[in-house]
Amino acid sequence: NLRANSSILDRIVSSPISGDGDRYRLFQAKAAEDLGEFGKAAKLYRAIIADARATADEKLTAQLGLARQQMLADPGAAVRTLTGIDKTQVAKKRAWEVDLLEGRSEALVDGDTAAAPALKRAWAEALDAGPGSAAPSGPVIAKPAWPLPSALRPAASSPAFSRCTAGRS
């Protein structure tokens, strides 16, 4: 039961084991998000971002979570949150997440044309993510269409394009 788990997480976070506070707050924020408690989730994500003890990965996870909350009411704020992330510090296996959310947010603010560059980057970067990160967690029901819509296709000159098209006609 997600509500029971949320209640347990609330208690754990109120007195965390030394050094584990942010990890549990991430669980708590995700539980709030899954329960539709978007304001609570945003507040928890902001607290992790502001916490000097949080690791870079915890802060990135919190920034992505905050951007998901902002997309609901203020997609422009989500774009600002995502463009504020120093992408040179993001691990290759997580870069696609930043660009995918940025592209989705930009599409809500300025339309598909504005979103295309970020979505193209996300598509190309997904190849660098591990299978558990970039692939759906459940069974794939439909075979992806090929070729991709032009807005999502990486540039023909990019190494990612070569990897995407290898063996395809």
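Taking CZ from Arg68 and CG from Leu82, the interatomic distance works out to 10.0 Å, rounded to the nearest 0.5 Å. One finds the CD atom of Gln69 at 12.5 Å from the NZ atom of Lys40 (value rounded to the nearest 0.5 Å). In this structure, the separation between CD on Glu33 and CG on Leu66 is 10.0 Å, given to the nearest 0.5 Å. Rounded to the nearest 0.5 angstrom, Glu125 CD and Lys120 NZ are separated by 13.5 Å. Going from atom CG of Asp57 over to atom CD of Gln89 covers 12.5 Å, rounded to the nearest 0.5 Å. Taken to the nearest 0.5 Å, the NZ atom of Lys92 stands 10.0 Å off from the CG atom of Leu127.
Considering every non-hydrogen atom in both Gly76 and Val109, the closest pair reads N-CG2, 3.5 Å. What you find for Ala118 and Glu106 is that their closest heavy atoms are CB-OE1, 3.9 Å. Minimum heavy-atom separation, Ala29 to Ala41: O-CB, 3.5 Å. Closest of all the heavy-atom pairs between Gly103 and Ala115 is O-CB, 3.1 Å. The shortest non-hydrogen separation linking Arg80 to Asp74 is NH2-OD2, 3.8 Å. Of all heavy-atom pairs spanning Ala114 and Pro117, the tightest one is O-CD, 3.4 Å.
One hydrophobic cluster, built from ILVMFWY side chains closer than 4.5 Å, holds both Leu64 and Val90. Both Val98 and Leu101 are members of a single hydrophobic cluster when ILVMFWY side chains are connected at heavy-atom separations under 4.5 Å. Hydrophobic cluster membership is shared by Ile49 and Leu26, with clusters built from Ile, Leu, Val, Met, Phe, Trp and Tyr side chains linked at under 4.5 angstrom. Two different hydrophobic clusters hold Met71 and Leu100 under the rule that ILVMFWY side chains link at heavy-atom gaps under 4.5 Å.
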Next item on the list: Begin from the C-alpha positions of Leu72 and Phe38 and carry the test side-chain contact (heavy atoms from CB on, under 4.5 Å) through to its verdict.
Entry: CA-CA 9 Å; Leu72 298 171; Phe38 306 121; 3.6 Å; yes

Note to self: Please evaluate residues Lys30 and Tyr45 with respect to the criterion side-chain contact (heavy atoms from CB on, under 4.5 Å), reporting the C-alpha separation (whole Å), side-chain torsions for both, the decisive distance (0.1 Å), and the verdict.
What the structure shows: CA-CA 9 Å; Lys30 183 65 175 128; Tyr45 286 132; 4.1 Å; yes

Checklist line | Arg25/Asp51 under side-chain contact (heavy atoms from CB on, under 4.5 Å): CA gap, chis, key distance, verdict | finding: CA-CA 11 Å; Arg25 283 194 301 185; Asp51 190 340; 2.7 Å; yes

Next item on the list: Go through the steps for Thr81 and Gln70 under the test side chain to side chain donor-acceptor pair (under 3.5 Å), then give the verdict.
Entry: CA-CA 9 Å; Thr81 295; Gln70 292 170 327; 2.7 Å; yes

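The salt bridge (charged side-chain N to carboxylate O under 4.0 Å, His left out) test applied to Arg121 returns Asp99, Glu102, not counting sequence neighbours.
Side chains of Asp86 and Thr88: a donor-acceptor N/O pair is present below 3.5 angstrom, by distance only.
Within 6.0 Å of the NZ atom in Lys87, the count of heavy atoms belonging to other residues, nucleotides or ligands exceeds 12. Heavy atoms from other residues, nucleotides or ligands lying under 6.0 Å from CZ of Arg104 number 12 at most.
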